[in-house]
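Letters go in sequence order (proteins before strands), and every chain restarts at 1. Everything numeric here is computed off the predicted structure, so don't read it as measured data.
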Number of protein chains: 2
Amino acid sequence: MARSSLRERADLVDRFRHYLQDHRLPRTRQRDRIAEIVFASEAHPSAADIQRTLAEGDDHVGTATVYRTLELLIASGLVRAHDFGDGFKRYEATPMQQGGDHGHLICVRCGTVVEFTNDRLERMLPIISDEHAFVHQRHHVEIYGLCSACRKHDLEL
Amino acid sequence: MARSSLRERADLVDRFRHYLQDHRLPRTRQRDRIAEIVFASEAHPSAADIQRTLAEGDDHVGTATVYRTLELLIASGLVRAHDFGDGFKRYEATPMQQGGDHGHLICVRCGTVVEFTNDRLERMLPIISDEHAFVHQRHHVEIYGLCSACRKHDLEL
DNA sequence: GTTCATGCAAATCCTTTGCAGTTCA
DNA sequence: TGAACTGCAAAGGATTTGCATGAAC
């Protein structure tokens, strides 16, 4: 989805640096790397995935640091966490642009996660919040079902 | 929400008993009690909540049994699990009636969870699934924001 | 030089599993 | 009676915390 260009990613990493600066927090190699990985990923990496990706680049970062940095990224509003029921959290860049927000289609058989956007849906949820006297901040929409590959597989049985 | 009548609850417990019977699984005191609690609860109890409720009724049930029974309830389709980001799961009776499915409004400040129903939304999600070649099975819609009480509190600061 | 971050290991929290004893059909 | 359950305690997996050391500003 929201195929992020190199430029967009660099912009996000930059925003994170500004966030750190604004909060008088040091910029470190680890923070930069973790932000880069999350912003560059098309998948929805878990903390362990991020650590593994770092390790593959010969960059060892402690588990605690990964979690602490993800906390910062979330606090900055640049990243959000999801739970697709795997028993651990997955992270992704917060969709920013107009109509950039998206939901997730999760295959209950193979676990594939596909993103989708739907403007009508996105416009609807703040209105629903309003109707219930809630101040809308953000939302998660997850649809569980079978992806086309797994459906085919099913039909063959 | 979906204010369940005594009758409806009894019916659900009954369906669970039938599920057990159909699968040649024994009906036990623990299974009955846990089902009753989940079906009777208006809140979205966690495993620990359920165990606590049992304990308050002078009925001790082991943690493993609570989890194992919840697994059965989910397998039966009568109960579903949610993760509102508290670090543990919450359970609720699966909405069954027409238009009975609902989303959740979660207050990010006080944690209150309010349910809402919206037919248009419910009709929309299977269509979206279709458009992406997914076979829709179920969905979760969660809106995070501020409830009216917490918003008031905020305005006073 | 402070202040804050890092990494490790220990701790914590939720959930699952193994096993001896017990209940259900 | 046999199959399945229950409870306890131990194990597991993800995430958090404490603390000594090290990097950032």
Side-chain angles (χ1 to χ4, degrees), chain A residues 13 16-38 44-55 57-76 79-91 111, chain B residues 13 16-38 44-55 57-76 79-91 111:
Chain A
V13 175
F16 183 46
R17 292 199 190 126
H18 277 80
Y19 174 85
L20 294 174
Q21 215 162 29
D22 292 352
H23 292 255
R24 311 272 161 69
L25 298 171
R27 168 182 170 188
T28 65
R29 173 182 58 82
Q30 291 90 332
R31 287 176 178 177
D32 268 4
R33 295 280 174 290
I34 292 169
E36 284 164 12
I37 289 174
V38 177
H44 298 77
S46 64
D49 290 336
I50 293 166
Q51 196 172 27
R52 194 172 316 112
T53 303
L54 284 163
D58 268 327
D59 199 345
H60 177 89
V61 174
T63 310
T65 300
V66 174
Y67 281 104
R68 285 189 280 232
T69 301
L70 284 167
E71 219 170 274
L72 281 175
L73 283 162
I74 290 170
S76 76
V79 165
R80 63 181 184 182
H82 283 281
D83 187 313
F84 296 144
D86 319 278
F88 51 83
K89 292 201 182 98
R90 294 168 171 283
Y91 303 84
Chain B
V13 175
F16 184 46
R17 291 198 190 127
H18 276 81
Y19 174 85
L20 295 175
Q21 217 163 28
D22 292 352
H23 292 255
R24 310 273 162 68
L25 298 171
R27 168 182 170 188
T28 65
R29 172 182 58 82
Q30 291 90 332
R31 288 176 177 177
D32 268 3
R33 295 279 175 290
I34 291 168
E36 284 164 12
I37 289 174
V38 177
H44 298 75
S46 64
D49 290 336
I50 294 166
Q51 195 172 28
R52 195 173 314 113
T53 303
L54 284 163
D58 268 326
D59 198 344
H60 177 90
V61 174
T63 309
T65 300
V66 174
Y67 281 104
R68 286 190 280 231
T69 302
L70 284 167
E71 218 170 274
L72 282 176
L73 283 162
I74 290 171
S76 77
V79 164
R80 63 180 185 182
H82 283 280
D83 188 311
F84 297 144
D86 319 278
F88 51 84
K89 292 201 181 97
R90 296 168 171 283
Y91 303 84

Sidechain-backbone polar pair: B/Arg31 side chain, B/Pro26 backbone, donor-acceptor under 3.5 Å: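 Indeed, once roles are kept as given, a pair shorter than 3.5 Å links the two residues.
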Measure [atom1]/[X] against [atom2]/[N] and give the value in whole Å, please.
X	N	atom1	atom2	value
A/His82	D/dA14	NE2	C1'	18 Å
B/Arg24	D/dG2	CZ	C1'	15 Å
A/Asp32	D/dA23	CG	C1'	14 Å
B/Leu54	D/dG7	CG	P	10 Å
A/Gln21	D/dC25	CD	P	8 Å
A/Leu20	D/dA23	CG	P	19 Å
A/Leu25	C/dC4	CG	P	8 Å

Scan [X] against the nucleic acid and name what it touches under 4.0 Å (heavy atoms): base, sugar-phosphate only, or nothing.
X	result
B/Arg31	sugar-phosphate
B/Phe88	sugar-phosphate
A/Arg68	base

Along DNA chain C (nearest heavy atom to each residue), the more 5'-positioned of B/Asp86 and B/Arg29: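 Comparing both residues, the 5'-ward one is B/Asp86.
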Taking for each residue the nucleotide of DNA chain C bearing the nearest heavy atom, is the 5' side occupied by B/Lys89 or by B/Pro26?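 Mapping each residue to its closest nucleotide by heavy atoms, the 5'-most match is B/Lys89.
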End axis versus end axis in the helix from C/dG1-D/dC25 to C/dA25-D/dT1, the angle rounded to 10°, five pairs used at each terminus: 40°
Just how far is it from atom [atom1] of [X] to atom [atom2] of [Y], taken to the nearest 0.5 Å?
X	Y	atom1	atom2	answer
B/Leu25	B/Asp22	CG	CG	9.5 Å
A/Leu73	A/Tyr91	CG	OH	10.0 Å
A/Gln30	A/Arg33	CD	CZ	8.5 Å

Just jot down the salt bridge (Lys or Arg N to Asp or Glu O under 4.0 Å) partners of [X], sequence neighbours excluded, or say none.
X	value
A/Arg27	A/Asp32
B/Arg29	B/Asp59
B/Arg80	B/Glu92, B/Asp101

Below 4.0 angstrom, which residues in residues 58-66 of chain B have at least one non-hydrogen atom near DNA chain C? B/Ala64
C/dG7 OP1/OP2 closer than 4.0 Å to side-chain N/O of A/Gln30: yes
Is there a side-chain polar atom (N or O) of A/Tyr67 under 4.0 Å from OP1 or OP2 of D/dT15? yes
Contacts satisfying side-chain hydrogen bond (donor to acceptor under 3.5 Å, both in side chains) that involve residues 63-73 of chain B (not counting sequence neighbours) are B/Gln51-B/Thr63
